[in-house]
Amino acid sequence: MKAFSSMHPFVLMIYFLSVLITAMFINNPIIQFSALFGGIAFCGMLTTAKQKLSDIAFYIPLLILISITNPLFSHNGETPLFFMNGNAVTLEAIVYGVFIAVMVIGVMLWCKCYSLIMTSDKFLYLFGRVLPKPAIVMSTALRYIPMLKRQSAKVKKAQKAMGFYTSESYFDRLRFSLRVYSVLIGWSMENAVETAKAMNARGFKLKNHTSYSNYKFKTVDFLLLALNIALIIFVFWGVGSGAVAFSYYPQITHIDTSAFSLAVYSAYLILVFIPFFIEIQERIKWNCYRSKISALHTQRMKKEQ
Amino acid sequence: MKKILSYLIFLVCIPLAIALGMAVFGDRQYAFAAAAVAVLSCIPFFISFEKGENNTTRLVIIAVMVALSAIGRLVFYYVPGFKPVTAMVVITAIYFGAEAGFMTGALTALISNFFFGQGMWTPFQMLAWGLIGFAAGLLAKKLISSKVLLCTYGAVSGIAYSLILDLFGVIWADTYFNLSRYIAMVVSSAPFTILYAVSNVIFLLVLQKPLGKKIERVKDKYGI
Amino acid sequence: MFGESGCGKTTLLKLIKKEIAPYGELKGSIIYNNKPIDELPDKLSACEIGFVGQNPDGQIVTDKVWHELAFGLENMGESTNNIRRRVGEMASYFGIQNWYHRSTDSLSGGQKQLLNLASVMAMQPKLLLLDEPTSQLDPIAAADFIATLQKLNREFGLTILLVEHRLEEVFPIADKVIAMDSGKILACGSPVEVAKLLQKSKLSLSLPTAVRIWYGLGSKDVPPMTVRQGKDFLEKHYSQCAGRSVAVDKYSGAETVLEAKNVYFRYEKNLPDVLKNFNIAVTKGEIFSILGGNGTGKTTALNVLSGLDKPYKGSSNVFGKKISKYKGNSLYRNMVAMLPQNPIAVFVQSTVKEDFYELLKAMDVPKDSAEKKVNEVTEIFNIEHLLNKHPYDLSGGEQQKAALAKLMLTEPKIILLDEPTKGLDAFYKESFAHILRKIKDKGVTSIIVTHDVEFAAEVSDRCGLFFDGQIIALDTPNEFFCNNSFYTTAASRISRELFKNAVLCSQVIQLCSNEAGEECP
């Protein structure tokens, strides 16, 4: 589970940007379906069985909803199938609906993977390189959030034990929450002053800050980055030259099957399956190690006997 | 030197990438441009914040405001759509200026999404909340003197926020402005939009005075 | 450096570090290394003079432990390699390596304070200023922290200036002690000299138990500082008095007002039980202390007794009625009140007075009787001068008093107190004990959860030891602390070889004197 996420944050960021931008803005069913399948494969590696089930329960209805509602909004297309309330429901509109649904869900899945992999400290590292001040504001905010969570539980209890939480009615709950929130605001303001002093005491006002991180750029990071850039340039070249151009309206065009187009599709397929391959490879490696270790173990046991 | 280089990357490479993207993405170029503009227009605000002289206490208070708005999404979890974010952003902007307002709005969007999930909506949320804060900072004097104006601002910004986010959704899905889809999206999200606008007004009414008092107190006591 | 709270010790300490110096008018000069501190270069002042304050949470700036350690070094503009080495060194020296990647909020109070110290030490200070660094810690974490300071001093010759009111451990190991009173230095010298000088002063109250016993016995010979020296002292001069004991009555309670029977509690389904077969029965007008280690669930026990947390098995009754049968907020009106560990959580308004009246308004008390009630509690608690202040402008002890006063407005019959002496100095503790007794005289029952053995020994009618989810030992303070060998008061540890059942300073002094009040021959 850790293989891909242990890559250097910069490499990860470039990777996610490449996939998300292409998945969001290229109008081509093969690209969209590749992105969707890559997203499913990667997400599958990152989530537990229970999460997978709830994802399926969420995305499948969404897929159906988006696809069937599209003809209501869009009456373009040359192939009417039937008429509803005087408007044509076209084949193109239905196909386009499926296509948008695939695109939306693919992008959402990739965003989910991004959220799971690009944790706040990785993001802050990148952010802090260019914009140290906003980065320290973010870091402090992230430090305050769990602290405020704890404090809000304490305040809730203290106020409840003074009888300020009288009934279960909606309005009372709201009033009580506002009360807790207001206490929280006062508390954090005072705390903020103390934190600011602690920062100054440790030389925050000095000029020429540096920014430290635990990350190191490894050979494997370089390799992945190079592969990523090579693939994405190739894909962009393909898109720019029109080799994968596709349109739904007024008529669904054919998918170009020239050698160059196929190469572009394969390049994209490789790109979106990189994390999946890395995770799989890592698992196989681990299983190998484990069986080797246990084999060694049994050998030794036999010898001792 | 290093910093100049990184600004250069921002100011030259990114517009270049957009131009390239517009050329490459054909059909979807408007959606791409919209997303790129959302990301890009945040950048000058961040840079000027980075460059500006900022008292440490101000920085921490902005951080605390961000944390408070993010935690607000949790404290009021049981009321969907009822979130204090806009109110907090507006109040911060009124007392600490437009720039602080922008930062609070943008960073709240960014940070709370670390907990609620990042998505393609993140840059738009950042820009929308950021601008709500920025404008409130510019109008600070008027907003602080008139409750009616403050409430109107809260309600309008709540509605505008939803309308703008839906707008991008439509352009992204249809590659052009599809009015019927837009209306459908606006109508289906109307209950939330209204609740959101109402909650903005309530939060502003309830929080502005006590929060203002608390801010003034800290300002006086510690001389910010 | 020590003194009554508000005597100016913290202000003096903060003036030494110019980045955090309080605003106001300053006369005279503070010299660091032959240079007035306001002439020190910024970088030098930031690095060479380190500061650790009392609130472990407030001083942490970033969200990750490693970043916190690196923060100061980043500000100094150190290179990544330098920072990596220094942070690594610090983490290893302070034993932080196991939680190096954790988020700062997940640490315990003691770990947080150690992190604050380590991140200041990473900047290689020559002078370390500490403002009551252990006041928010439990005794074990506090002792660890002090031991770390001692080690830093011994191994690196680091100069340490420590403001502290918990003097039992610190006083004997100091090279030099300064006693302050109303903005002036009252005494300054070696611990022994200062102990001798302070005999008649009210500051004597905050000195270690051994010193106070020595005062009480007419201060002959050299003052003992530690428990060991105290023992030697008693043995040398009072061995004739051996075998005496304090007369102890068995506790005979009146009617039971609060009771928990076979209570089980856990926070989540998959987490272990915090309370396991927890039983307690508290009688009317009693002061009942629950003692025990940190994080064992004492606070949870209080929350269950106050109806804030619901047990999944067992029942708790207040005045014979099940807690769950109290509807709405009826349990918290004229019945049960709870003083949380952090008393600031009680306040909402911008002055103490407004807070008082707001609560009374919520209780539908008419205006004229509200005024009467407020006057009544202000008198009992002696907090007239605090009424118009902002709750955050009060000192820890004042907050504690004002918060309890606010709770008393609900006229509770039972009051639950969570660590009420945390961070209080000896004087506040004494006045707090006084208040508790006053409330007791009115028939109010108090249940206290505390680490503070000295305080529990002084005020309690009964003490219980909380361990593994239940109360495992229960007795009157004298028997309780004399039967404990480790978890007991300093006075008991000093006198246990000679006397039976003596747990307080005053009891030891009394046993050393004969019935007529004269000393043993």
Side-chain angles (χ1 to χ4, degrees), chain A residues 20-21 24-27 69 72-74 100 104 107-108 111-112 114-115 118-120 123 129-134 136-145 147-149 152 170 173-174 177-178 180-182 184-186 188-193 195-196 199-200 204-205 236 239-240 245 247, chain B residues 3 6 9-10 20-21 23-28 31-32 35 46-47 49-50 54 56-57 59-64 66-68 70-72 74-76 78-79 82 84 103 107 110-111 113-115 117-120 172-175 178 180-181 184 206-207 210-211 214-215 217-218 221-222:
Chain A
L20 279 171
I21 289 176
M24 277 174 90
F25 302 114
I26 295 180
N27 235 358
T69 51
L72 300 179
F73 307 125
S74 178
I100 311 178
V104 168
V107 170
M108 282 174 92
C111 285
K112 190 172 173 157
Y114 171 91
S115 293
M118 283 300 275
T119 48
S120 56
F123 184 83
R129 291 267 131 165
V130 251
L131 298 163
K133 243 188 232 171
I136 199 76
V137 170
M138 276 181 73
S139 180
T140 311
L142 283 168
R143 185 259 168 289
Y144 263 80
I145 286 170
M147 182 156 77
L148 288 178
K149 226 191 258 178
S152 99
Y170 193 75
R173 266 168 79 176
L174 191 60
S177 297
L178 277 168
V180 171
Y181 196 58
S182 165
L184 218 51
I185 291 172
S188 42
M189 290 297 227
E190 303 288 327
N191 235 54
V193 175
T195 307
M199 288 166 79
N200 286 341
F204 186 67
K205 276 186 175 166
F236 275 145
V239 176
S247 67
Chain B
K3 267 191 191 147
S6 44
I9 291 177
F10 267 127
L20 201 75
V24 167
F25 291 128
D27 271 0
R28 260 174 221 291
F32 178 75
F46 278 103
I47 289 181
F49 184 78
E50 175 66 41
N54 254 310
T56 315
T57 316
L59 287 187
V60 182
I61 286 189
I62 292 173
V64 164
V66 170
L68 278 168
I71 207 85
L74 229 118
V75 172
F76 299 93
Y78 53 86
V79 204
F82 209 86
M103 290 307 287
L107 290 183
L110 187 57
I111 282 200
N113 285 347
F114 277 120
F115 300 92
Q118 302 283 3
M120 55 275 190
W172 183 43
D174 285 314
T175 69
N178 182 340
S180 58
R181 191 192 294 273
V206 177
L207 293 179
L211 186 54
K214 278 160 188 157
I215 292 174
R217 188 186 117 76
V218 173
K221 193 174 166 191
Y222 304 100

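Residue numbers start from 1 in every chain, and the chains themselves are labelled A, B, ... in the order their sequence lines are given, proteins ahead of strands.
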Minimum heavy-atom distance between B/F114 and A/S120, given as atom pair plus value: CE2-CA, 3.6 Å

A/K205 atom NZ: more than 12 heavy-atom contacts under 6.0 Å: no

Under the salt bridge (Lys or Arg N to Asp or Glu O under 4.0 Å) test, residues paired with A/K112 that sit two or more places apart: A/D55

Closest heavy-atom pair and its distance - B/Q118, A/S115: N-OG, 2.8 Å

Part of A/I185 lying under 4.5 Å from any heavy atom of chain B: both

Heavy-atom contact with chain A under 4.5 Å, split by part of B/F49: both

Side chain to side chain contact (heavy atoms under 4.5 Å, CB included) between A/L174 and B/F76, intermediate numbers included: CA-CA 8 Å; A/L174 191 60; B/F76 299 93; 4.1 Å; yes

Rounded distance (nearest 0.5 Å) linking atom CG of A/N200 with atom OG1 of B/T56: 3.5 Å

Contact summary for A/F25 and B/A31, nearest pair of heavy atoms: CE2-C, 3.6 Å

Contacting moiety of A/Y114, where chain B heavy atoms sit under 4.5 Å: side chain

Pair A/V193-B/V218, side chain to side chain contact (heavy atoms under 4.5 Å, CB included): steps then yes or no: CA-CA 8 Å; A/V193 175; B/V218 173; 3.4 Å; yes

Atom group of A/L20 that falls short of 4.5 Å from chain B, counting heavy atoms: neither

Atom of A/V137, atom of B/A63 and distance for their closest heavy-atom approach: O-CB, 3.4 Å

Selection from B/V206, B/L68, B/V75 maximising heavy-atom pairs under 4.5 Å formed with chain A: B/L68

Heavy-atom proximity to chain B below 4.5 Å, by part of A/S139: neither

Max heavy-atom pair count under 4.5 Å with chain A, selected residue of B/S180, B/A184, B/G72: B/S180

Residues A/Y144, B/I71; criterion side chain to side chain contact (heavy atoms under 4.5 Å, CB included); working and verdict: CA-CA 9 Å; A/Y144 263 80; B/I71 207 85; over 6 Å; no

Interface residue of largest heavy-atom contact number with chain B, from A/L178, A/T195, A/T140, A/I21, under 4.5 Å: A/L178

Max heavy-atom pair count under 4.5 Å with chain A, selected residue of B/V66, B/L110, B/N113: B/L110

Closest non-hydrogen atom pair, B/M120 against A/C111: N-SG, 3.6 Å

Under 4.5 Å from any heavy atom of chain A - which part of B/L59: both

Shortest non-hydrogen contact between A/M138 and B/I111, atoms and distance: O-CD1, 3.6 Å

Residue, of A/E190, A/M118, A/M108, that accumulates the most heavy atom pairs under 4.5 Å with chain B: A/E190

Residue selection (most heavy-atom pairs with chain B, distance under 4.5 Å) from A/M24, A/M189, A/K149: A/M24

